[in-house]
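All values derive from a computational prediction rather than experimental measurement. What you see below is based on every heavy atom in this structure, not just the backbone, and it leaves out hydrogens, waters and symmetry mates. Throughout, a chain's letter reflects where its sequence line sits, starting with A, and its residues are numbered from 1.
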Number of protein chains: 2
Amino acid sequence: MFFLKLPAIIGAENEEGGIRVTIYDIAREAGVSASTVSRVINHKPGIREETRRRIQKLLEEYDYTPDIAARGLATQATRFIGILIEDIRVSHHTESAYVIEQEMTRRGYTCITFSTGPDSSRKAQYIQILEQRRVEGVILIGSMFANDEVRRSLERCLADIPVMLVNGEMDLPNVYSVLIDEERGTEECVKMLVEKGCRRLVYLMDVTTPSNIKKQRGFCTGLLRYGLEAGENRIFTAPDADTSPGGSIRRGRQGTCRLLESVPEVDGIICATDLLAIGCLQELQKRGIAVPGQVSLIGIDNTLYGQLCTPALTTLDNKMAQVSLSAARMLLDVLDGRTVNQKLMLFTEIIRRESA
Amino acid sequence: MFFLKLPAIIGAENEEGGIRVTIYDIAREAGVSASTVSRVINHKPGIREETRRRIQKLLEEYDYTPDIAARGLATQATRFIGILIEDIRVSHHTESAYVIEQEMTRRGYTCITFSTGPDSSRKAQYIQILEQRRVEGVILIGSMFANDEVRRSLERCLADIPVMLVNGEMDLPNVYSVLIDEERGTEECVKMLVEKGCRRLVYLMDVTTPSNIKKQRGFCTGLLRYGLEAGENRIFTAPDADTSPGGSIRRGRQGTCRLLESVPEVDGIICATDLLAIGCLQELQKRGIAVPGQVSLIGIDNTLYGQLCTPALTTLDNKMAQVSLSAARMLLDVLDGRTVNQKLMLFTEIIRRESA
DNA sequence: CTGTTAGCGCATTCAC
DNA sequence: GTGAATGCGCTAACAG
């Protein structure tokens, strides 16, 4: 398997058949030592201008490209950032991954991104892969990462590197959080519906993520605060068998069916996600229930989907792009040795469109 | 900067404060040499069962995790795959990246994915980053990578590693292609519209990608073949200033305005993408033009968006997920030393829904 | 200003 | 069966 690198010994020709040119090749060609070449490559001072130029020229001539892994081995710095998401196909996750990758790349880091799926033990496996790759920092996107199994895995594998939790909290010295106040945001949605005259509100969710639970709490708080009687019968959970992106819509439809059976007099619905809301909308329309005429509808996430449906969806923007960008910047700050706050909170905003 | 690793010399305690345990640490603890530990880790034969078990136990006890980069330096294998996409936020690109990442991860590779943006010189830069990371294979997603600048960059940087082109062609010995017959597919769309009685067809596109050009060719061929007079006035290009995902819809609306001015009697529109079609649909509805009553509308891509709008969009499914999966598998075959076809073609399928 | 030496963590010959 | 020696490509400390 090993290719004996004769050129290095004989000083003969190389640069063909997949042989990589190394700093030694360049050094030999330039009649200097490898360290000198290394210094030129890394723009270190203390090199005669003539030498620098000569080596620079050879580097280009031979199309030299540094092996970052080898460099990392010597410097103990891989310049890798790990990103874990449950499913990158979910549109606000896509947005997050995109924003983070752009920022990290801009700053000279390379991102390794994995879609882990919902299973916690799988998440732990991916954390181990990141450990093996010796990432210098990690960003976990989504509240579903804030659980004990992930926590244990982090303590075990990544105790010494900074970890950013996007929309989740974890009490660990190396774990930082960027949060978004979905709870208060959802409460504001209730307020808005009440002000529009709604009296029978329902919160529809599917997967019981910490995030969705927070929204639920905000919903309940809103009911109390704005004078509506609370009660378990105002919370509905759609079955979550199908985990594909399209599944959300289906769940929205099914959840709405159930909901309408229990609370036929409903006049305001808040859905945990936009896609759920769109499923809901489809079911309502199918039954001839006017939106927003008879029922006001609000989604959460501010996805593109919400702009496309008719009527356009009023939605709670949880600003995933901004939140993710903040997380990326915080991580960069930590890596640069700057002190940062361990927790940060950003604020949601209601995007008023036609459905409410 | 360097942490003198005293434990290795003194044989003292370690495992705290970010010091990674190496095979040498384990070896010392077990009273064997590093080679033996290495053999155990890599499940090589020729180790006494007792020794193996003892070392195995220590490995777990000390939470040993191999440094893959160091291993790669020794074996000349990084197990990295590079993926380049113009914009991962575009839904069928997301799907592609997802599918490929899942398959590669399953097979022990780690993906490095970049969103390059449309600019060719930027694409070349990203190719260089992949080279620096010593990826073992590369997948370029989208026809926009099939241009001369990228080609030169590949020849220069990645001449010795397999490159898969998803939906694009390039005549280079190490470049493989998985294609999708969008040309014939679009032709079939024309046929379908003609059979529905349409007589004034228009093709609306935005960015002039090789892929969109192919669709255009298919459109023209269809016109000829199915007895409609061709002509430049049947092709419309929407302005493409805004490159955000939402921009597509806006372009669809604007393009439709122009189109209606020139060909007010249009009764069938094929759009180069679903999002474009949705913008088109919005504009038509705004003007009170019935779809599919007065105008039949077909999109391309089979995105989730097409299922959400009203009426649901008839669309040409270009099977990006399958195409991407095939590309991933082909690449794995090449990496495993199996011979594969350098080109492969998959087939589109029309998804009939309400808009046509 | 530059070369020599050593070592990053690991896998692999070749001895024993 | 196992160990010692060597090298992967690169950087960094220390001399000169």
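B:E131 has a carboxylate O that lies under 4.0 Å from a charged side-chain N of A:R20, or vice versa, which qualifies the two as a salt bridge. The pair A:D336-A:R107 meets the salt-bridge criterion, with a side-chain N (NZ, NE, NH1 or NH2) lying under 4.0 Å from an Asp/Glu carboxylate O. Using a 4.0 Å cut-off between a side-chain N of Lys or Arg and a carboxylate O of Asp or Glu, B:E155 and B:R152 do not qualify as a salt bridge. We find that A:K123 and A:E86 are joined by a salt bridge, their nearest charged nitrogen and carboxylate oxygen being less than 4.0 Å apart.
In the set C:dT12, D:dT11, C:dC8, the nucleotide with an atom closest to the side chain of A:L73 is C:dC8. Listed nucleotides: D:dA12, C:dC10, D:dG9. Nearest to the side chain of A:A74: D:dG9. Side-chain proximity of A:R48 to the nucleotides C:dC1, D:dC10, D:dG9 is greatest for C:dC1.
Of the possible donor and acceptor atoms, none in the side chain of A:T78 sits under 3.5 Å from a partner among the backbone N and O of A:G72. Side chain of B:E136 to backbone of B:I81: no donor-acceptor contact under 3.5 angstrom is found. A donor-acceptor distance shorter than 3.5 angstrom exists from the side chain of B:Q342 to the backbone of B:V175, with no hydrogens or angles considered. Counting only distance, with no hydrogens or angles, the side chain of B:S38 and the backbone of B:A34 share no donor-acceptor pair below 3.5 Å.
Figure legend: B:R133 and B:F80 shown without cation-pi pairing, the cationic atom not lying both under 6.0 angstrom from the six-membered ring centre and within 45 degrees of its axis.
Regarding contacts with the backbone of D:dA12, a side-chain N or O of A:K44 is found under 4.0 angstrom from either OP1 or OP2. Contact annotation: A:S38 side-chain N/O to D:dT11 OP1/OP2 distance is under 4.0 Å. One finds no side-chain N or O of A:R71 lying less than 4.0 angstrom from the OP1 or OP2 phosphate oxygen of D:dG9. In this model, the phosphate group of D:dG9 is approached by a side-chain N or O of B:Q76 to a distance below 4.0 Å at OP1 or OP2.
Residue B:E131 contributes atom CD, which lies 14 Å from atom P of D:dG9 at whole-angstrom precision. Separating the CD1 atom of A:I68 from the P atom of D:dC10 is a distance of 11 Å, rounded to the nearest angstrom. Note: CD1 (B:I41) to P (C:dC10) measures 7 Å, nearest angstrom. Between the P atom of D:dC10 and the CD1 atom of A:I55 lies a distance of 14 Å, rounded to the nearest Å. Note: CZ (A:R79) to P (D:dC10) measures 17 Å, nearest angstrom. Here D:dG7 presents its C1' atom at 14 Å from CD1 of A:I23, a figure rounded to the nearest Å. Distance, A:D67 CG to D:dC10 C1': 8 Å, rounded to whole Å. The CG-P distance, from B:D25 to C:dG9, rounds to 8 Å in whole Å.
Within the nucleic acid shown, B:I47 comes within 4.0 Å of sugar-phosphate atoms alone, with no base atom in reach, counting heavy atoms only.
No option in A:N174, A:L332, A:V340, A:L335 other than A:L335 meets the side chain to side chain contact (heavy atoms under 4.5 Å, CB included) test with A:P162.
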If you restrict it to nitrogen or oxygen atoms, what contacts under 3.5 Å exist between nucleotides 3-6 of chain C and the protein, and what is each distance?
| unit_1 | atom_1 | unit_2 | atom_2 | d |
| --- | --- | --- | --- | --- |
| C:dG3 | OP2 | A:S33 | N | 2.9 |
| C:dG3 | OP2 | A:S33 | OG | 3.2 |
| C:dG3 | OP2 | A:T36 | OG1 | 2.5 |
| C:dG3 | O6 | A:R39 | NH2 | 2.5 |
| C:dT4 | O4 | A:S35 | OG | 2.9 |

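For the helix from C:dC1-D:dG16 to C:dC16-D:dG1, the rotation axes defined at the first and last 5 base pairs enclose an angle of 40°, given to the nearest 10°.
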